[in-house]
Amino acid sequence: MRITLLLFTLFAFSMPASAGMFSTIDERANQISTQLEGNNSYHAHLARELANIAVEEKGQHDVTAALEFIRMAESHADQAGGAE
Amino acid sequence: MIKRIITLTASLSLAACAGYTDINIGVDELAEARAAIADAKTAGAERCAPKLQAQAVASLYWAGHELEESGNYDAGDHAEEEAMLVARAVAKAKEAKAASKGACMPEIIKLSGIQFPHDSARLTPAATAILDNAVKTLQKRSTIKVEVAAHTDSSGSNEYNLALSERRAASVMNYLGTHGISSSRLTSKGYGESQPIVSNATKEGRTANRRVELRVMN
């Protein structure tokens, strides 16, 4: 029973992990920075600020907060429309 | 069997649950910061002082998170940090509001590298490649309206340069319009040689001054 559960859980995580869906907070923050290069709109600045907070929170081992802030940062990066 | 299903369902639910909630910035402790940010926004800070306004808003959200984390809005473990973040949000919003007073320059979306043949408003393949990127930007930022602004260097008469820049601005606007950007979001204006960004004394300077840009108008 335990082995089955362990194998199933490992399998459940292996697929998204191999697809690169578990990017780190730092990777996602870097991606936002690259994506918004040269973009000085309000949403671009806010995305960068929120990404910085996410990295800071991750440094303080608050992964839940880091995930929330990076999600917000990505949302504003989308609204900013990328690099210009 | 049922036990197994229950155990599996529970484990999957736990694995799938990210566990985060939206940050609450509606609490009384953040009222001053919220008001300052709203004030700045009304004054046009998102357009005129975007960095300062973004710093204010980010500080507000961070303060909201710290307040939630402390679990006690009166005197949590993070009280000092919360107070610092609220003060920062208020200060940045006030700076943003002050910076937004009077006329401010519109946001410019540069179309670096667009060059036209001599005395022509015809778009080259290199120019259309740049404009295709601009179309993508405008599709992503679907709420903004832009003025296509064209500029020349100081070679030639004022009248000639003004007319040429108007034709070039119209040419770019037409391209954007025929590639999916609504005409209601586009205007065009030729500025001739009236707004150089560097001296026209050198060849490099004249090249830099011959340019087309998108000015965000809202």
Pairing residues for B/Y191 by the ring pair (Phe, Tyr, Trp, His ring centres under 6.0 Å) criterion, not counting sequence neighbours
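Partners of B/Y191 under the ring pair (Phe, Tyr, Trp, His ring centres under 6.0 Å) test: B/H151.
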Between A/A80 and B/R141, what is the shortest heavy-atom contact and its length?
O-CD, 2.9 Å
Under 4.5 Å between any side-chain heavy atoms of [X] and [Y], yes or no?
{"X": "A/M72", "Y": "B/I23", "value": "yes"}
{"X": "B/H65", "Y": "A/F69", "value": "yes"}
{"X": "A/E49", "Y": "B/S59", "value": "no"}

B/E166 atom CD: more than 12 heavy-atom contacts under 6.0 Å
yes
Surrounding OH of A/Y42 (heavy atoms of other residues, nucleotides or ligands, distance under 6.0 Å), is the total greater than 12?
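More than 12 within 6.0 Å, yes.
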For A/E56 and B/W62, test the side chains for any donor-to-acceptor distance below 3.5 angstrom and give the result as yes or no.
no
At a heavy-atom distance under 4.5 Å, which candidate from A/V63, A/I53, A/D62 has the highest pair count against chain B?
A/I53
Can you give the donor-acceptor pairs under 3.5 Å from side chains of residues 31-50 of chain B to other protein atoms, not counting sequence neighbours?
{"residue": "B/R34", "atom": "NH1", "partner": "B/I25", "partner atom": "O", "Å": "2.8"}
{"residue": "B/R34", "atom": "NH1", "partner": "B/V27", "partner atom": "O", "Å": "2.8"}
{"residue": "B/D39", "atom": "OD2", "partner": "B/K97", "partner atom": "NZ", "Å": "3.1"}
{"residue": "B/T42", "atom": "OG1", "partner": "B/A38", "partner atom": "O", "Å": "2.9"}

Point-to-point distance, once rounded to the nearest 0.5 Å, from [atom1] of [X] to [atom2] of [Y]:
{"X": "B/T137", "Y": "A/N39", "atom1": "OG1", "atom2": "CG", "answer": "8.0 Å"}
{"X": "B/K140", "Y": "A/H43", "atom1": "NZ", "atom2": "NE2", "answer": "14.5 Å"}
{"X": "A/N40", "Y": "B/E107", "atom1": "CG", "atom2": "CD", "answer": "7.5 Å"}
{"X": "B/E69", "Y": "A/T64", "atom1": "CD", "atom2": "OG1", "answer": "9.5 Å"}

